[in-house]
Structures are given as structure tokens and as C-alpha cells.
Amino acid sequence: MASFSDAARFLLLTVLGIAGNLSTADAAGWRSDLDWAALTSKLSSSASLIDTSYQNVIDECGPEFSEPSPTNHALIDQPSGMCLPHKYLGWEMSWPRPSENGHLNQTFAQALTDIYVDPSYLEGWMLDPTNPSLNLPYKVLFPSIASDVVAAVNFAKEHGLEISVKNSGHSYQGASSKKDTLLLNMNRYTHYAPTGITDCDASILGSTVTEDLSNQPCLLSLAKNKSSLIRVGGGENFDKVYRAVIAANEEEGYKYHVVGGAAGTVSPMGWSWQGGLGGTTGGRLYGFGVDQVVQLEMVLPNGVHVKFGPTEWEDASAEGFIVPKTKVVTGVCRSNPDEHDEEKWIWERCPEDFDIDFNDLWFAVRGGGGGTWGVVTSVFLQLHDYLPVTPYFFNLVPSPTEECSAIAPQFAEFKAQYISAPSLLNVTKEHSLACGSPDVFMLLMCIGEEDVMQAWTRFLDLNNSTDPAKVACLSKLVQENNEGVMQTPKGYAEGALFGDLDRFPGKVRDAPAPSWQGNQFGVFLVPQSFLDESEENVKYVLESADSLGTTPYYAFGGGTVSGSDQANSLSQAHRNAAFMADFNDDYDYFWGNLFPRMFDVSDKTKFPPVFGSNHAGFLTAGPLKEDWTKPCPPEWTFEERREKCISFQEAIYGTERLARLEAIKKAVDPQFIFNCANCIGNNLPEASKSQDQDDEPSPSELEPLAANPSDEPSRASSMSSFAAVTSAIAIYLLIISFSCV
């Protein structure tokens, strides 16, 4: 899809400037019939409940988009808590065209025209505070402790309100903002990470899990042959997590590594629950973000503050897994929810009328998306032993050359071989799994031992190109340390810190930067098994990606397959993928040609999962329900698409897994207090949300795994060139402090 022109960007900035001088309707009276003072009286002294309006968005958020180097760090801390990283997220379906019914009577084709072709509507629609498509909450609570969240949920439950939850707003489908809700902005919640690292005492191995679950995180960690954890608060993003780990490493001598996202402003509280792609932080060694979770602490839709995690597990190494299989999940409830002092919290067995199944909740939260199961107030994440980091970039630093640009397709092919078919380059599986690469980045980020430069030289030699200038197109990246010595960064985050002359020195950069819109579509999962079937399949898929101008996202394989505890809701297709790729420029081609060859479509009652959830945008949809080889017609209205096409959720989770998640949703949140856009249950008809659950599938019936894990790379001997990856904007945000050697 074409991006907006500089002229269109200038138009938006001009419009925002005009908007600053306009008056907007005062929305401070949202639900003024309620006794908000009663809620305020229950909050801690450091919490705040405020009224907001669209004028706050114009005044606080708009100016950042005119900055030469905009960053979400500036948006996160704005007083109203209303700013979003992509402009269009402030309207329903990320689409500012006015609509009284959430765009149901408007067409997909019209959305594409408005968003990509004709931005002339902006001046009127985006400045109209009465636009019915505006999707902003006008009552915002900044909780600082769990008791604040408990009070808010109970207030919402009592008065029939919905709650939306936000950290930094990184949700392409718009799950972090919703009109006519009480928004819980978690950014000022207690920060645990700076002092949250725990080194587990191996002597407790064999101990019984205590009734309050205080030793559960370490017992599970030790069972995984790991010895350290970090507790992260519900409002902390990866910038805060990474800097906490950096500080501990600098103090104790580098010993910790954390798997996380590429952008500092992404939060574990959203990233993990969608799966969590660790393409830059060793995910192919240690698993997805969801696999790093050891214990959860939440306030549920019933207003109960709980913590829970596995308390019984069994070794699964014989089946190829690198972590134990979860057998039983146990939870406890806080019996003094009004107590503000965490040192005085009392965790006890939940009361007899508490009817939430913690096994189901553990399954649902980890992979079933954020914002819909309650409010995560803290989480224990697994830390791994530190290994040296080596970033390799192609043709970007200090400046691109024409000679290197000419062989960019060859680098893309090399990257594919190194990760998906390393035997072609005489690279071991272990060295291959050490490296990953996000989709738009011309890099390989490697953790531990690797063989990249030798393999690159070998690749060029096999392609009859031994020119030293071409070999030099791929370089290790180094930066100057405090002593003035040039060296590779100690870790991914260390290499991505803002410099002293930046507006946010010392923070971990974010990419992408704030923009008009984020990703609108789904990104397809390409099964490793399909590639392994034949060399022709490998060639077919990669040539297809090349012809459509797409670049695969390499964060799959190895630990992402074998790192599962077999009790999470991330789809098996996600586990078994070789990579994600964007085929959205030609839906007819994908659904008609690639899809039937990649996935088992023999059972027409069970649609398979095909999209990765982390990067799925608001326009994501599957094919026709009656014919899976036909895409959902763009000329249909969204109401027709909802009725006749495979839904966003079903295309991500598949029919069977979605049914289980929806059953859990009804059990956990029967009032649908948490009902975010495109979240589990959000697309259910109103009648089905409250219907008798006797005929529902049993939530606790675990979906069988499709197969034992296999991290064997493809043996294909023929790989075709990918399209050249030419975008350097996002990369620049991450590597401005680097130099090449």
C-alpha cells in the first residue's frame, strides 16, 4: 500500500495547528449522573481521576507529530493520558470518516480510499469534536497501586460501565482506546522493575509451593534450569525493563538477559499477551514473550485481586520441549483488597464462591490478547544467562553505497538461508537459532555464538561474487563506550539508547515512530512444515513474497516451538511457523493459491489459524466462510463482511481455539466489562454474550498440540531472492549511535 506523501503529512500538521485555536465540546460531564466522588474516596493519594476532552488530544498529542524525530516517549507522559502512537487510533476502526454505527454500513473499499488515496477529508472530520467516529474515553484514571484498580473495577461493575486499559497504546487494532469507557492508564502504576530482579536459591528445589505462592516463581524458574526473574509492573514498558536489567548488569557484571520487544515504548503487558516476537532479543533461543511469563498478578472483572501460576509440572524434554509441561495452575486471592501498603497484603485461598478456573485463565491470558481478561498489575518474567550480542547491519552505516544497494536482494536471500536453511551455508542449527531479524530491518541480531560473516562470505562465493567490497556491505556494528573505545554493544537495548543530545537521553528508542496509522492488515504465518516438504515449496513461497514486495519477519523456530509450557493459547500455527510475511497486496493470490497449500483445509468446520497476532491491524479478516479460497470482497460493507467472512479472531486463533477462548471470556467476564476492539468476544452478537453456557465447549478441555516440537531447519537447497528491503527510517531510530567496522 502506498504511504502518505509529504504534502499530506504537512496538511495534517497544518490542520493540527489550526485545531489548537478551535474550541471543542466539553466532554467533562461524561456520566455525570454517577457518584464519581465515591470512587475517588477509595483511591490512594497518588492516584488521580480526571476528566478529559478531544481538546487534550489536540493540545498535548498533536505537536509531537510535527517534531523532526517524533517519539512515543513524549506521548506516553502527557497529562491527559489520551495520546496514541498512531493518529487514526483515536477513531473507530482507525478511520475518521463519520459513522453512527461503527462503520458497519460503510465498505472496506471506502476505508482504503479514505486512508490511502484521498486524505482531503482530514480538515473537516479530524477536527470535528462531534464526529461520532471519535473513539476516545473522557474519564481517565491513573492508578498507582492495585487497590486503585480494584476500586475502579468494582465501581464499573456496580454501574454497568466498560473499562479500557492502556499502557503506551501500541495496539494496531485499537484495543487501547474506546469511547464511553473508563480508561485505566497504567503508566503511573508502581514500577517494580528497578528493584525487581530476584536470584533464586537453588537449595529450595524440591520444596512445596507455599500457600501464598511466594516461592512459586523461583521453583518454576529453577525447574526450567534458570535462576533469575524480574517483576514488572502493569504500567512499565520495555524501556523501563531494559534499563533495569542494564543497571543490574553494570552493577553485578553482566549476568542477565531478558527477551523483549524491539521498541522501548512497547509494553510487556500487551506484547506478551499477543505472543511477543523477540526477533532482536533471542526469541529463537528462548521462546516467545508469552513463554517468559512465570507468574501473573491481576485484578479480574469480578473485582478480585489475584495472583496465579503453575504449581505442578512435569519434564517434557523427551517430547522435545525445553521447559516443563504445566499440569496444574493455582491461584490465590487478596483478602484485604483495600489495603494500600503492599507489605501488608494478605494472599489466601480464594473464597468458595470464587468460580474462576485458574488453569483456564493461565491459558487465556498468555496468548489470548490484552485488555480483555482484566487488568494485569504485575508479572514475573524469566531472565536468562547473559550472552554477548552481535548486531550485523547491511548497507546502512555510516552511509549506503550504490554497490551495496545493488546486492540488497542477495542479502535478503542470505538472511533467509541463514535462518531457515542454514545447512546450505554450512551453518549449524545452534548458530542459526542465535540470530533473528524483524521484517523491515536490514539486520541480523545475534545472541551468543554465531557464524554470520563466514556464512556471508560463503554465500557470496557460492554466488560467484568474492569482491571484498561486497563482503564489506555487511558489517558488525560498534559504538563508543565510556572509555572512548569502539565495541559492539553489550546488549540489544544498550545499542538502542538515545544519546546525550537527544530529547530523551538514556531511554531505549522506539520504532516505528508516531505516525498517522499503524499496520492495518494481518501478517500471514508461513508453516515450517510446508517449507520442509520440498525445495519447490520453499522456492514457491519466497518467490511469491518477492513478487509482492514483502519481507519476512524472522522471530520463529527453535525456542519458539520448544519453549511452550503446552498450556497457553498461542496458536499452534504461530508455534510452527517459519516466519511471518505480508501478502496483503494480493488477497486473491494468497487465498486462492498459497493458503490451500500451506494449511489443512480438509475439515470445513475448523478454519485454521493463519495470522500472527502481534502485528494484526484493524482491517484484518479471513476469506469467505463459504469458500476459503476467496478473499472477503472489498466492495462489501463491514456488516456484510462480519456476517459472511471469517472474523479477525477466528483467522488468528482458528475455530477450535477461539471457541475455547470465548467460553473462558464468558466465564471470566460475563458482563463484558472489558470489551476492547477485536479482542476475544468483542465480535460476538449481544445475545450470545449472555446466553446459557450449558451448550458451550468446556473451557478446560485443552486443545491437543498439532505435533511435537521440531526445530530442525528446512533442508531445501534452493532459495529465491526476496525483494530488496530499502526502508532505513525505522532502522535509523535504532542505530543512530552506531558505527561500522
Side-chain angles (χ1 to χ4, degrees), residues 257-262 276-289 291 322 384-397 408 410-460 471 473-478 488-496 526 528 531 542 551-563 577-581 711-714 716 719 722 725 731 734-735 738 740-741:
H257 174 80
V258 62
V259 175
L277 303 175
T280 56
T281 55
R284 300 182 71 232
L285 285 175
Y286 304 121
F288 292 117
D291 301 322
I322 59 175
H384 305 273
D385 292 340
Y386 171 79
L387 292 172
V389 170
T390 308
Y392 293 92
F393 276 82
F394 179 84
N395 191 30
L396 286 175
V397 183
Q410 283 69 46
F411 173 72
E413 182 178 351
F414 163 75
K415 184 166 65 171
Q417 290 190 9
Y418 191 94
I419 291 175
S420 297
S423 61
L424 296 178
L425 301 171
N426 293 330
V427 172
T428 66
K429 176 180 66 178
E430 291 74 19
H431 285 178
S432 170
L433 293 176
C435 302
S437 178
D439 46 7
V440 297
F441 288 5
M442 296 286 278
L443 92 162
L444 281 167
M445 184 66 69
C446 302
I447 313 292
E449 294 186 9
E450 40 78 19
D451 193 19
V452 170
M453 288 309 301
Q454 295 89 332
W456 172 237
T457 303
R458 193 175 300 123
F459 172 84
L460 291 174
V471 174
C473 290
L474 183 63
S475 307
K476 281 185 184 180
L477 294 190
V478 297
T488 56
K490 290 285 190 179
Y492 166 74
E494 285 87 335
V526 177
Q528 182 69 52
L531 301 185
L542 298 181
T551 308
Y553 195 116
Y554 296 107
F556 300 81
T560 64
V561 185
S562 59
F579 50 76
M580 291 196 315
D711 55 9
E712 288 298 318
S714 168
M719 302 284 282
F722 288 87
V725 186
I731 296 298
L734 294 175
I735 64 170
F738 286 129
C740 270
V741 292

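Note that the coordinates shown come from a computational prediction; the quantities given were computed from them, not determined experimentally.
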inquiry  = So for atom CD, which belongs to Gln454, do other residues, nucleotides or ligands contribute more than 12 heavy atoms lying within a distance under 6.0 Å?
reply    = yes
message = For a quick test of reading the model, state the closest non-hydrogen atom pair linking Leu531 to Ala578 and the distance between them.
response = CD1-CB, 3.5 Å
message = Using every non-hydrogen atom in the two residues, find where Phe288 and Ala555 come nearest and quote the distance to one decimal.
response = CE2-O, 3.8 Å
ask   = What residues, two or more places apart in sequence or in another chain, satisfy ring pair (Phe, Tyr, Trp, His ring centres under 6.0 Å) together with His384?
value = Tyr286
remark   = Looking only at heavy atoms, the pair that brings Lys490 and Tyr386 closest together is O-OH, 2.6 Å
key: Pairwise distance OG(Ser420) to NZ(Lys415) - rounded to 0.5 angstrom   = 10.5 Å
request  = Please name all residues satisfying side chain to side chain contact (heavy atoms under 4.5 Å, CB included) with Cys446, sequence neighbours left out, ordered by chain then number.
outcome  = Tyr392, Cys435, Leu444, Glu450, Val452
task = Heavy atoms only: give me the nearest Ala581-Val526 pair and the separation to one decimal.
result = CB-CG2, 4.5 Å
inquiry  = Any heavy-atom pair between the side chains of Ile419 and Arg284 that's under 4.5 Å?
reply    = yes
inquiry  = How long is the straight-line distance from OG of Ser437 back to CE of Met442, given to the nearest 0.5 Å?
reply    = 9.0 Å
remark   = Those residues at least two apart in sequence (or on a different chain) that pass side chain to side chain contact (heavy atoms under 4.5 Å, CB included) with Leu460 are Trp456, Ser465, Lys470, Val471
ask   = Do you know the tightest heavy-atom contact between Arg458 and Val427?
value = NH1-CG2, 4.4 Å
query = For the residue pair Tyr492 and Thr281, what are the closest heavy atoms and their distance?
reply = CD2-CG2, 3.9 Å
Beyond-backbone contact of Gln528 with Val561, side-chain heavy atoms, under 4.5 angstrom = no
request  = Any chance you could measure Gln410, atom CD, to Leu474, atom CG, to the nearest 0.5 Å?
outcome  = 13.5 Å
Results of side chain to side chain contact (heavy atoms under 4.5 Å, CB included) for Thr428 - residues two or more places apart only = Glu430, His431
key: Distance (rounded to the nearest 0.5 Å) between Phe393 CZ and Phe411 CZ   = 9.5 Å
query = What residues, two or more places apart in sequence or in another chain, satisfy side chain to side chain contact (heavy atoms under 4.5 Å, CB included) together with Leu285?
reply = Leu433, Ile447
inquiry  = Can you confirm whether Thr280 sits close enough to Pro438 that some side-chain heavy atom of one is under 4.5 Å from a side-chain heavy atom of the other?
reply    = yes
query = So, Phe556 versus Phe579, ring centres under 6.0 angstrom or not?
reply = no
